[in-house]
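Reckoned from all heavy atoms, side chains included, excluding hydrogens, waters and symmetry mates.
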Amino acid sequence: MEIGVPKEVKDQEFRVGLSPSSVRVCCEKGHQVFVETEAGVGAGFSDQDYLEAGAKVVSSPTEAWNRELVVKVKEPLPSEYPFIQKGQLLFTYLHLAAARELTEHLINSGVNAIAYESVELPDRRLPLLTPMSIIAGRLSVQFGARYLERQQGGRGVLLGGFPGVKSGHVVILGGGIVGTEAARIAVGMGAMVTIIDINVDRLSYLETLFGSRVELLYSNSAHIEATVPQADLLIGAVLVPGFRTPILVSRELVAKMRPGSVLVDVAVDQGGCIETLRPTSHTQPTYIEYGVVHYGVPNMPGAVPSTATQALNNSTLPYVLKLGDRGIRALAEDAALAKGLNVENHQLVHPAVREVFPDLA
């Protein structure tokens, strides 16, 4: 099969759909891979690396997109809509629940769109979302600590504190993979950490993981309203697969936070759980509202593209090979991959996204 790898066009998105090592595996399996020139440069992969791996480097996005299977990282932007073709297989992150315009275009185009974040194993794990969730969770504290610096608009708080000086307080909404990784980094930095989650079993697991180093609270409005105003760094780490993230922190509650506090929502591409937080970009990552620094970059792992590309490819490559070998028939043979199908032949098929956009179903 012909596999296309376009260069990402989202603001400062330096990840790439396939690394040279993944391309080599695809070529060894008999597939032809067409990589847009400089698609991997930001992740440390040159055109020569791709040529040596067996790819054909093409000079335009049209040549990369005009293939049976297109492998990307982020959702197509409006400038890429004209390249999407009927009957084509598109394999990438989509997050359609928060993207009505993209959903409508995919339906109208007739493309078969499979979303990384929707591929689901029988035990409910999301194997293609997990690696980026781990990286984003770790980065959320790294970025949060940076924007707590006074020169960046923050309170001037060092998360690790100092002997005789109180450590910074990190409050994490959600104890899943993102929240757990955020807590791991925050604890390592010496911060006071609170995790709020609605799953009692998950809280029990987190207790075995962190012990007394982390305060664990059951998620309800009383605990959220009491804890959020105390946070130096508030991290939204809530995900409901396929659906828009519920709002847990209201505008009024944000207004009660101390000036210079920082908000980071890792699920902003699914709508986010903080009412005042909207998507930003790596070029303009923050804005201030109610005196609070808001960070809402939806492609956070794009800041570490070398690590992120390799981590993502380790998980996506087996599915890319299945799609390359069998095309759309691979979905009938792999139940996990089938759950990733969001749009098929002018139809919105993913159950959760159909609930979000019933008029498009």
Open item on the list: Using every non-hydrogen atom in the two residues, find where Glu344 and Leu341 come nearest and quote the distance to one decimal.
Closed with: OE1-CD2, 3.5 Å
Task: Straight-line distance of Ile107 CD1 to Phe357 CZ, nearest 0.5 Å - done: 9.0 Å
Task: Test item: Glu207 side-chain N/O and Leu216 main-chain N/O as donor-acceptor pair under 3.5 Å - done: no
Task: Side chain proximity check, Leu312 to Tyr116, heavy atoms < 4.5 angstrom - done: yes
Task: Closest non-hydrogen atom pair, Cys27 against Ala55 - done: SG-N, 4.2 Å
Open item on the list: Can a donor-acceptor pair be found, under 3.5 Å and without considering hydrogens, that links the side chain of Asn108 to the backbone of His105?
Closed with: no
Task: Least distance between heavy atoms, Pro279 atom then Val268 atom - done: N-CG2, 3.7 Å
Task: ring pair (Phe, Tyr, Trp, His ring centres under 6.0 Å) partners of residues 280-313, not counting sequence neighbours, each pair once - done: Phe143-Tyr295, Tyr147-Tyr295, Tyr287-His294
Open item on the list: Salt bridge check, Asp232 against Arg155: does any charged N sit closer than 4.0 Å to a carboxylate O?
Closed with: yes
Task: Basic-acidic side-chain contact under 4.0 Å: Arg251, Glu289 - done: yes
Task: Sole candidate of Glu13, Glu36, Glu80 that passes salt bridge (charged side-chain N to carboxylate O under 4.0 Å, His left out) when paired with Lys72 - done: Glu80
Task: Leu248-Leu233 co-clustered via ILVMFWY side chain contacts under 4.5 Å - done: no
Open item on the list: Are Val71 and Thr316 packed together at the side-chain level, in the sense that at least one heavy-atom pair is separated by less than 4.5 angstrom?
Closed with: no
Task: Contact summary for Ala97 and Val356, nearest pair of heavy atoms - done: O-CG1, 3.6 Å
Open item on the list: Are more than 12 heavy atoms, taken from residues, nucleotides or ligands other than Gln48, located less than 6.0 Å from that residue's CD atom?
Closed with: yes
Task: side-chain contact (heavy atoms from CB on, under 4.5 Å), paired with Thr276, selected from Val292, Ile247, Leu263 - done: Leu263
Task: Val353 side chain near Leu94 side chain, heavy-atom distance below 4.5 Å - done: no
Task: Contacts of type side-chain contact (heavy atoms from CB on, under 4.5 Å), residue Val178, not counting sequence neighbours - done: Ser133, Ala237, Val266
Task: Within-4.5 Å side-chain heavy-atom neighbours: Met300 and Ile135 - done: no
Task: Glu75 with Lys10: basic N within carboxylate O range, under 4.0 Å - done: yes
Task: Spacing of CD1 belonging to Ile134 relative to CD1 belonging to Ile177, to within rounding of 0.5 Å - done: 6.0 Å
Open item on the list: Measuring from atom CD1 of Ile172 to atom CD1 of Ile235, what distance do you get when rounded to the nearest 0.5 angstrom?
Closed with: 5.0 Å
Task: Under 3.5 Å: donor-acceptor pair, side chain of Glu68, backbone of Glu2 - done: yes
Task: Atom pair OG1 (Thr180) and CD1 (Ile195), whose distance is rounded to the nearest 0.5 Å - done: 6.0 Å
Open item on the list: Using side-chain contact (heavy atoms from CB on, under 4.5 Å), reason through Thr286 and Gln152 one step at a time and then give a plain yes or no.
Closed with: CA-CA 9 Å; Thr286 64; Gln152 303 296 331; over 6 Å; no
Open item on the list: Any side-chain to backbone donor/acceptor pair from His223 onto Tyr218? Under 3.5 Å, distance only.
Closed with: yes
TODO: Check for a donor-acceptor pair, side chain of Thr280 on one end and backbone N or O of Pro285 on the other, with a separation under 3.5 Å.
DONE: yes
Task: Residues, nucleotides or ligands: over 12 heavy atoms within 6.0 Å of Lys86 NZ - done: yes
TODO: Verify side-chain contact (heavy atoms from CB on, under 4.5 Å) between Ser21 and Asn313, making sure each step is shown before the conclusion.
DONE: CA-CA 9 Å; Ser21 61; Asn313 272 227; 5.9 Å; no
- [ ] Check for a donor-acceptor pair, side chain of Arg138 on one end and backbone N or O of Ile185 on the other, with a separation under 3.5 Å.
- [x] no
TODO: Using distance alone, with no hydrogens and no angle criterion, decide if Asp201 and Ser204 have a side-chain donor and acceptor under 3.5 Å apart.
DONE: no
Open item on the list: Please check this pair: side chain of Asn342 against backbone of Gly340, looking for a donor-acceptor N/O pair closer than 3.5 Å.
Closed with: yes
Task: Same apolar cluster (I L V M F W Y, side chains within < 4.5 Å links), Met132/Leu126 - done: yes
Task: Steps toward side-chain contact (heavy atoms from CB on, under 4.5 Å) verdict (Trp65, Gln88) - done: CA-CA 9 Å; Trp65 274 94; Gln88 188 178 53; 4.2 Å; yes
- [ ] Determine whether Gln270 and Leu239 make a side-chain contact, defined as any pair of heavy atoms from C-beta on separated by less than 4.5 Å.
- [x] yes
Task: Check: Cys273 and Val249 side chains under 4.5 Å, non-hydrogen atoms - done: no
Open item on the list: Please report the interatomic distance CG(Leu337) to OG(Ser118), rounded to the nearest 0.5 Å.
Closed with: 11.0 Å
Task: Nearest atoms (heavy-atom pairs only) where Ala113 meets Leu106 - done: CB-CD1, 4.1 Å
TODO: Might you confirm whether atom CZ of Arg125 has over 12 heavy atoms from other residues, nucleotides or ligands at distances under 6.0 Å?
DONE: no
Open item on the list: With clusters defined by side-chain heavy atoms of hydrophobic residues (ILVMFWY) lying less than 4.5 Å apart, directly or transitively, does Val304 cluster with Leu18?
Closed with: yes
Task: Residues Asp334, Lys322: salt bridge by 4.0 Å N-O rule - done: yes
TODO: Could you go through the side-chain contact (heavy atoms from CB on, under 4.5 Å) check for Val16 and Tyr50 one step at a time?
DONE: CA-CA 12 Å; Val16 60; Tyr50 282 106; 3.4 Å; yes
Open item on the list: When you measure from the side chain of Ser22 to the backbone of Leu317, do you find a donor-acceptor pair of N or O atoms at a distance under 3.5 Å?
Closed with: no
Open item on the list: When you compare the side chains of Gln12 and Ser281, does any donor N or O come within less than 3.5 Å of an acceptor on the partner?
Closed with: no
Open item on the list: Hydrophobic cluster membership, with links at side-chain heavy-atom distances under 4.5 Å among I/L/V/M/F/W/Y: are Leu128 and Leu331 in one?
Closed with: yes
Open item on the list: For the CD atom of Glu120 and the CZ atom of Arg124, what is their distance to the nearest 0.5 Å?
Closed with: 5.0 Å
TODO: Work out which heavy atom in Phe14 is nearest to a heavy atom in Gly302; give both atom names and the distance.
DONE: CD1-O, 4.0 Å
Open item on the list: For Gly54, is there any backbone N or O sitting under 3.5 Å from a side-chain donor or acceptor partner on Arg24?
Closed with: no
Open item on the list: Does Arg244, at its CZ atom, have more than 12 non-hydrogen atoms belonging to other residues, nucleotides or ligands within less than 6.0 Å?
Closed with: yes
Open item on the list: Under a 4.0 Å threshold between the charged nitrogen and the carboxylate oxygen, would Glu252 count as salt-bridged to Lys256?
Closed with: no
TODO: Answer whether the closest heavy-atom distance between the side chains of Pro20 and Glu52 falls below 4.5 Å.
DONE: no
Open item on the list: Side chains of Phe91 and Leu89, heavy atoms from C-beta outward: is any pair under 4.5 Å?
Closed with: no
Task: NZ/NE/NH1/NH2 to OD/OE distance under 4.0 Å, Asp269 and Lys74 - done: yes
Open item on the list: Between Val343 and Tyr81, is there shared hydrophobic-cluster membership here, with clusters defined by ILVMFWY side-chain heavy atoms closer than 4.5 Å?
Closed with: yes
